[in-house]
2 protein chains.
Amino acid sequence: MRLSKRGEYGLRAMIALAEPDVNGNTPQMMQIKEISLREQISTKFLEQILLTLKNAGMLHSKMGVGGGYYLAKPAGEITLGQIFRVLDGPIAPIKCVSHMAYEPCGCPNEETCGLRLVMGDVRNAIVDILDYTSLADVVKRQNEIRKKISGV
Amino acid sequence: MRLSKRGEYGLRAMIALAEPDVNGNTPQMMQIKEISLREQISTKFLEQILLTLKNAGMLHSKMGVGGGYYLAKPAGEITLGQIFRVLDGPIAPIKCVSHMAYEPCGCPNEETCGLRLVMGDVRNAIVDILDYTSLADVVKRQNEIRKKISGV
DNA sequence: ATAAATTCTATTGATTTAGTATACTTTTGG
DNA sequence: CCAAAAGTATACTAAATCAATAGAATTTAT
């Protein structure tokens with residue numbers, strides 16, 4: 001049940017872009033290099049990932065000197081599930097329980113397949129988290145932890 | 001978030017072995033061919049998978065004529081999580097939230113990494129299902145559905 | 001003895017992953 | 001206008017993993 005590096009980097013970059021800039025403004029614009037440096041990601045690889053996200057309509061960009069990427073929508077309207085699906089495909093652990101990319105899996109009787117029943121539960125559990133967690137939620141949670149740590 | 005074919009086939013085979021035989025006896029002994037035929041799995045591939053499961057101590061086998069595989073423990077004592085880990089490795093979507101195979105993931109600050117927080121939730125949700133569902137639970141659930149269908 | 005069954009090891013071909021490489025286009029500062 | 005900065009777009013590749021295949025060795029019932 002692995003999240004790919006592509007997915008990991010893309011999610012981390014999106015979370016970085018969802019944070020307000022030094023002046024508290026949002027959405028913040030950041031250059032690829034800035035993100036790759038801060039998040040320890042190969043610049044060239046991140047380039048591809050951000051481009052994919054842009055083509056999927058989740059990011060906007062500004063070319064040329066002083067350019068960069070910024071979120072296409074408010075952070076509260078972009079969920080981790082959406083980002084995940086763009087970069088890593090369907091969330092379901094097995095095709096026969098996928099809502100977005102259903103395919104029969106070849107078991108003798110899909111209707112009474114025990115594995116399918118359980119994997120359906122797993123799918124729902126994951127989707128319930130990823131599709132109901134927005135970038136804004138993540139940023140908020142990060143800030144709460146930071147506050148708790150500095151407050152100790 | 002994909003379950004591999006190896007994992008899928010292995011889980012299906014173990015569920016088949018957890019069902020009582022025609023006389024209601026359990027654990028039932030089945031030959032590789034029998035399982036591969038019923039579950040539509042390449043016999044040779046299933047061979048490898050069952051061998052792995054045997055070496056992990058979840059199956060016993062009897063060689064020679066009239067031989068076959070059977071569960072090493074009662075179906076109620078084998079969880080899907082155990083089987084999954086043997087065939088597909090750690091359940092966690094990202095190493096830095098794995099209990100069984102922790103590794104840092106390279107983000108600048110693991111403690112306040114938002115992605116890690118969310119993926120930790122995802123891991124727990126999956127583990128809560130797979131580690132608390134035994135083969136016996138799956139068989140029971142299958143039977144309930146079969147009863148419901150034939151009863152309609 | 002022999003046929004049926006599991007065991008074990010090696011290999012293969014396809015696909016995916018995680019990048020690199022290269023060249024191009026757009027924008028802006030000077 | 002020109003050069004540098006920045007994103008755009010493809011193509012390529014090395015390594016790993018996946019799904020399966022092959023074939024020989026071993027064990028057992030009859």
Side-chain angles (χ1 to χ4, degrees), chain A residues 1-13 17 28-37 39-72 84 86-90 93-95 101 105-106, chain B residues 1-13 17 28-37 39-72 84 86-90 93-95 101 105-106:
Chain A
M1 299 289 198
R2 192 65 110 275
L3 174 67
S4 74
K5 284 289 171 190
R6 177 200 264 72
E8 178 192 331
Y9 294 162
L11 285 162
R12 291 231 306 268
L17 285 165
Q28 117 168 264
M29 183 159 81
M30 291 178 86
Q31 292 173 3
I32 295 180
K33 262 211 179 128
E34 223 177 319
I35 303 176
S36 76
L37 203 72
E39 300 286 336
Q40 310 270 57
I41 302 170
S42 146
T43 307
K44 277 292 182 183
F45 193 25
L46 186 58
E47 239 171 51
Q48 276 179 28
I49 296 167
L50 295 185
L51 197 53
T52 304
L53 256 8
K54 185 199 149 130
N55 290 335
M58 328 195 89
L59 286 178
H60 285 162
S61 66
K62 192 179 168 233
M63 272 186 152
V65 179
Y69 280 98
Y70 55 98
L71 298 185
F84 183 100
V86 166
L87 296 173
D88 275 13
I94 194 169
K95 294 252 177 86
C105 63
Chain B
M1 296 293 196
R2 191 64 109 276
L3 174 68
S4 73
K5 284 289 169 188
R6 177 200 265 74
E8 179 191 331
Y9 295 163
L11 285 161
R12 291 230 307 266
L17 285 165
Q28 120 169 260
M29 184 158 79
M30 291 178 87
Q31 291 174 2
I32 296 180
K33 260 208 181 134
E34 223 178 320
I35 303 175
S36 75
L37 203 70
E39 299 287 336
Q40 311 270 56
I41 302 170
S42 145
T43 306
K44 278 292 186 181
F45 192 25
L46 185 60
E47 219 175 274
Q48 277 180 26
I49 295 168
L50 295 184
L51 197 53
T52 304
L53 256 7
K54 186 201 149 130
N55 290 335
M58 327 195 90
L59 286 179
H60 285 163
S61 67
K62 193 179 168 230
M63 272 188 151
V65 178
Y69 281 96
Y70 55 97
L71 298 186
F84 183 100
V86 166
L87 297 173
D88 275 15
I94 194 170
K95 294 253 175 87
C105 64

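Proteins come first, then strands; the chains are lettered A, B, ... in the order of their sequence lines, and each starts at number 1.
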With 3.5 Å as the limit, what N/O pairs link the protein to nucleotides 1-6 of chain C?
{"from": "C/dA5", "atom 1": "OP1", "to": "B/Q31", "atom 2": "OE1", "distance (Å)": "3.4"}
{"from": "C/dA5", "atom 1": "OP1", "to": "B/Q31", "atom 2": "NE2", "distance (Å)": "3.0"}
{"from": "C/dT6", "atom 1": "OP1", "to": "B/I32", "atom 2": "N", "distance (Å)": "3.0"}
{"from": "C/dT6", "atom 1": "O3'", "to": "B/S61", "atom 2": "OG", "distance (Å)": "3.4"}

Euclidean distance, B/I49 CD1 relative to B/E47 CD, rounded to 0.5 Å: 10.5 Å
Nearest heavy atoms of A/D88 and A/S4, plus distance in Å: OD1-OG, 2.6 Å
Determine whether A/L3 and A/F84 satisfy the following criterion, side chain to side chain contact (heavy atoms under 4.5 Å, CB included), listing intermediate values before the conclusion. CA-CA 9 Å; A/L3 174 67; A/F84 183 100; 3.4 Å; yes
Closest approach of A/I41 and A/Y9, non-hydrogen atoms and distance? CG2-CD1, 3.5 Å
Testing the basics here: between B/P90 and A/R2, what is the closest heavy-atom pair and its distance to 0.1 Å? O-NH1, 4.3 Å
Over all atoms of both residues, closest heavy-atom pair of B/R12 and A/G106: NH2-O, 3.9 Å
Minimum-distance pair of heavy atoms, taken over all atoms of A/L50 and A/A13: CD2-CB, 4.0 Å
Measure from the side-chain heavy atoms of B/K44 and tell me the nearest of C/dG19, C/dC8, C/dA23. C/dC8
For the residue pair A/K54 and A/Y69, establish whether any side-chain heavy-atom pair is separated by less than 4.5 Å. yes
Report the distance from atom CG of B/D88 to atom C1' of C/dT16, rounded to the nearest whole Å. 15 Å
With rounding to the nearest 0.5 Å, note down the distance linking CD1 in A/I35 to CG in A/L37. 11.0 Å
The first and last nucleotides of DNA chain D lying within contact of chain B, meaning any atom under 4.0 Å from one of its heavy atoms, run from D/dA19 to D/dA29
Got a sec? Which of residues 2-11 of chain A come in under 4.0 Å of DNA chain C, heavy atoms? A/S4, A/K5, A/R6, A/Y9
Between A/K62 and A/Y70, what is the shortest heavy-atom contact and its length? N-CE2, 4.5 Å
